[in-house]
2 protein chains.
Amino acid sequence: MEQHEISKAVIRRLPRYYRYLGDLMDAGVERISSAELSAKMNVTASQIRQDLNNFGGFGQQGYGYNVKYLYNEIAKILGLDNVHNLVIIGAGKLGQAIANYSSFEKRGFIIKAMFDNNKDYFGRKVGDIEIMNVDELSDYLSNNNIDIAAITVPKEAVNPIADILVKCGIKAVWNFAPVDLELPKGIIVENVHLLDSLMQLSYNLTEYEHTR
Amino acid sequence: MEQHEISKAVIRRLPRYYRYLGDLMDAGVERISSAELSAKMNVTASQIRQDLNNFGGFGQQGYGYNVKYLYNEIAKILGLDNVHNLVIIGAGKLGQAIANYSSFEKRGFIIKAMFDNNKDYFGRKVGDIEIMNVDELSDYLSNNNIDIAAITVPKEAVNPIADILVKCGIKAVWNFAPVDLELPKGIIVENVHLLDSLMQLSYNLTEYEHTR
DNA sequence: TAGATTGTTAATCGATTAACAATC
DNA sequence: TAGATTGTTAATCGATTAACAATC
């Protein structure tokens, strides 16, 4: 059966559905209709049903969706039923912030090690996670089952790091440096550009001042 | 003259254009055609021209675009010709990472103060930026010209903070907590959901493994 | 002037919304 | 069974791409 390509817009919304369903579950809600969820999330009920039906029929006519079931199904779609091992490259404040953030671990993203080129850091720990010499990165990746590398180094340091990652067969890169990383086909890249986000905010702020 | 609404998709691309033009400027490139830029950025030349023409005609037939001029014009569109004063609420690792990140200051985003509820932090500094008692937030906002508040506190702490910010007339909030903040109309909210981003990465990773 | 490349209109494509038959 | 609400098809809307006349 030929599966049609799911659009990026849909995939961007999945974690949001997941978050709201998690909150509903915590609140003890057992079932919800697309109309009710629509009201909470400020999206149309139609869009919710369309989005979900890309992956299967998770609801029941006349009833709606079972919150817990849908929550778990979305988790599967997002691959959260598998554990993913991460390393963080760059042990500065941002790398440490990520290492510290317990919600990642809760969703199966396990941070195994951090790397830096500053020898003052070597051997220190962030929580349980050891900071290692970046010279050992290549060896480490060869001997451990790491799926994802988070890059939190300065712009200039990204390319040499990326070369090592590609050479060692990394599957995915979560990049925080302000460059659009180009890696060989098949390697997933997810960029987080904080400055871009702040500039979008600034645009909206400026826009607002212009038009009122 | 009635100005038509610019779509979010366009606004999301502006910082990216800005970034590439900055790189070109640094590389000493004086002019560029939409076709050349298109090749570098993996977008169509048509889209570049359409996007820019939402804001004005910045190019010249037969010549292309002057890199420096276009760079500065986009800066104006994004509101980067004005200085924006920020406070950071939440002095944990993520707040510190943002406080430390010099690129923000370079673009006119000036971090004035940080706030936390943990008294161990009070009076400490991150770089030049003092960490204050969150009880003083309201007073501080009243007496200083702050446009933007970055929120880097845990989920549970967001709503009381948001109430204070709204009461003190904050213009924009840059929210890092995993909730979709609902503020009164006119207040700009930009959410950065790192876990959502990681889940999208996970989806793509899983997708890839399914379909090859 | 001839060549290049924009600005802009028209065509296409894809995503969102509406509508409703299927069905619990 | 009647009512509710999904899954899904069709209609609409908006964004992207193509094409080309305008013009430097």
Side-chain angles (χ1 to χ4, degrees), chain A residues 1-17 20-21 24 29-74 77 200 203 207, chain B residues 1-17 20-21 24 29-74 77 200 203 207:
Chain A
M1 188 182 64
E2 179 62 30
Q3 188 112 11
H4 84 113
E5 186 73 25
I6 309 289
S7 82
K8 276 187 190 164
V10 173
I11 297 159
R12 255 203 305 271
R13 286 191 291 265
L14 289 176
R16 195 157 174 264
Y17 293 134
Y20 276 82
L21 289 164
L24 286 167
V29 178
E30 266 184 29
R31 53 173 280 231
I32 193 158
S33 69
S34 57
E36 288 169 297
L37 191 55
S38 145
K40 277 193 193 299
M41 296 186 63
N42 287 321
V43 297
T44 64
S46 210
Q47 180 161 78
I48 293 172
R49 295 202 302 276
Q50 285 276 25
D51 283 352
L52 296 176
N53 278 89
N54 281 304
F55 303 99
F58 302 121
Q60 200 166 82
Q61 283 95 333
Y63 172 86
Y65 299 87
N66 179 288
V67 172
K68 197 166 183 179
Y69 174 71
L70 185 55
Y71 180 80
N72 287 325
E73 288 300 312
I74 294 179
I77 294 166
Q200 286 170 51
Y203 172 88
E207 254 271 319
Chain B
M1 187 182 64
E2 180 62 28
Q3 187 109 13
H4 84 114
E5 187 72 26
I6 309 290
S7 82
K8 277 187 189 165
V10 173
I11 296 161
R12 255 201 305 270
R13 286 191 291 267
L14 289 176
R16 192 155 176 263
Y17 293 135
Y20 276 82
L21 289 164
L24 286 166
V29 178
E30 267 185 29
R31 52 172 282 230
I32 193 157
S33 69
S34 57
E36 289 169 295
L37 191 56
S38 146
K40 276 192 193 299
M41 295 186 64
N42 287 321
V43 295
T44 62
S46 210
Q47 180 162 75
I48 294 173
R49 296 202 300 278
Q50 286 275 28
D51 282 353
L52 296 176
N53 278 89
N54 282 304
F55 303 99
F58 302 121
Q60 200 165 81
Q61 283 95 332
Y63 172 85
Y65 298 86
N66 178 290
V67 172
K68 196 168 185 178
Y69 173 72
L70 184 55
Y71 180 81
N72 287 326
E73 288 300 312
I74 294 179
I77 295 166
Q200 287 169 53
Y203 172 87
E207 253 272 318

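Residue numbering restarts at 1 for every chain, and letters A, B, ... go by the order of the sequence lines.
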Undergrad: For A:Glu36 and A:Ser33, does a side-chain donor sit closer than 3.5 Å to a side-chain acceptor?
TA: yes
Undergrad: When the nearest nucleotide of DNA chain C is assigned to A:Gln47 and to B:Ala45 on a heavy-atom basis, which residue is associated with the more 5' position?
TA: B:Ala45
Undergrad: I need the CD1-C1' distance between A:Ile48 and C:dT17, as an integer number of Å.
TA: 13 Å
Undergrad: Select one nucleotide: of D:dA18, C:dT6, D:dT5, the one nearest the side-chain heavy atoms of B:Gln50.
TA: D:dA18
Undergrad: Could you identify the nucleotide paired to C:dT12, looking across every strand shown and requiring Watson-Crick or G-U wobble geometry with both distances under 3.5 Å?
TA: D:dA15
Undergrad: Ignoring hydrogens and angles, tell me if any N or O in the side chain of B:Arg13 forms a donor-acceptor pair with the backbone of B:Gln47 under 3.5 Å.
TA: no
Undergrad: Tell me the interatomic distance from A:Asn42, atom CG, to C:dT17, atom P, rounded to whole angstroms.
TA: 12 Å
Undergrad: Taking atom types as they are modelled, is there a donor-acceptor pair under 3.5 Å from the base of C:dT23 to the side chain of A:Gln60?
TA: no
Undergrad: On the nucleotide D:dT16, are OP1 or OP2 found under 4.0 Å from the side-chain N or O atoms that B:Ser46 carries?
TA: no
Undergrad: Taking only side-chain nitrogens and oxygens of B:Ser34, does any of them come within less than 4.0 Å of OP1 or OP2 of C:dT5?
TA: no
Undergrad: Determine: side-chain N/O of B:Thr44 to OP1/OP2 of D:dT16, distance under 4.0 Å, yes or no.
TA: no
Undergrad: Atom OH of B:Tyr69 and atom C1' of C:dT6: how far apart are they, to the nearest Å?
TA: 14 Å
Undergrad: Give a yes/no on whether any side-chain N or O of B:Arg49 is located under 4.0 angstrom from OP1 or OP2 of D:dT16.
TA: no
Undergrad: Counting side-chain heavy atoms from C-beta on, which of D:dT6, D:dT17, C:dT16 comes nearest to A:Gln61?
TA: D:dT6
Undergrad: Within the modelled atom types, does a donor on one side and an acceptor on the other bring the side chain of A:Ser7 and the base of C:dA15 under 3.5 Å apart?
TA: no
Undergrad: Which base sits across from C:dT5 as a Watson-Crick or G-U pair, both distances under 3.5 Å?
TA: D:dA22
Undergrad: C:dT16 P sits how many Å from A:Ile11 CD1, rounded?
TA: 12 Å
Undergrad: Could you tell me the separation between the CZ atom of A:Phe55 and the P atom of D:dT6, rounded to a whole number of Å?
TA: 18 Å
Undergrad: Nearest 0.5 Å, please: how far is CG in A:Leu37 from OH in A:Tyr17?
TA: 7.5 Å
Undergrad: For the pair made of CG in B:Leu37 and P in C:dT5, what is the distance, rounded to whole Å?
TA: 13 Å
Undergrad: Within this structure, what is the OH-CD1 distance for the pair B:Tyr65 and B:Ile32, rounded to the nearest 0.5 Å?
TA: 11.0 Å
Undergrad: Apply side chain to side chain contact (heavy atoms under 4.5 Å, CB included) to B:Tyr203 and A:Val10, showing your working.
TA: CA-CA 11 Å; B:Tyr203 172 87; A:Val10 173; over 6 Å; no
Undergrad: Give the nucleotide from the list C:dT6, D:dT17, C:dT16 with an atom nearest to the side chain of A:Arg13.
TA: C:dT16
Undergrad: Taking CD1 from A:Ile32 and C1' from D:dA4, how many angstroms apart are they, rounded to a whole number?
TA: 15 Å
Undergrad: Side chain of A:Asp51, backbone of A:Ile48: donor and acceptor closer than 3.5 Å?
TA: no
Undergrad: Using OP1 and OP2 only, check whether a side-chain N or O of B:Tyr65 sits under 4.0 Å from C:dG7.
TA: yes
Undergrad: Rounded off to whole Å, could you give me the OH-to-P distance for the A:Tyr63 and D:dT5 pair?
TA: 11 Å
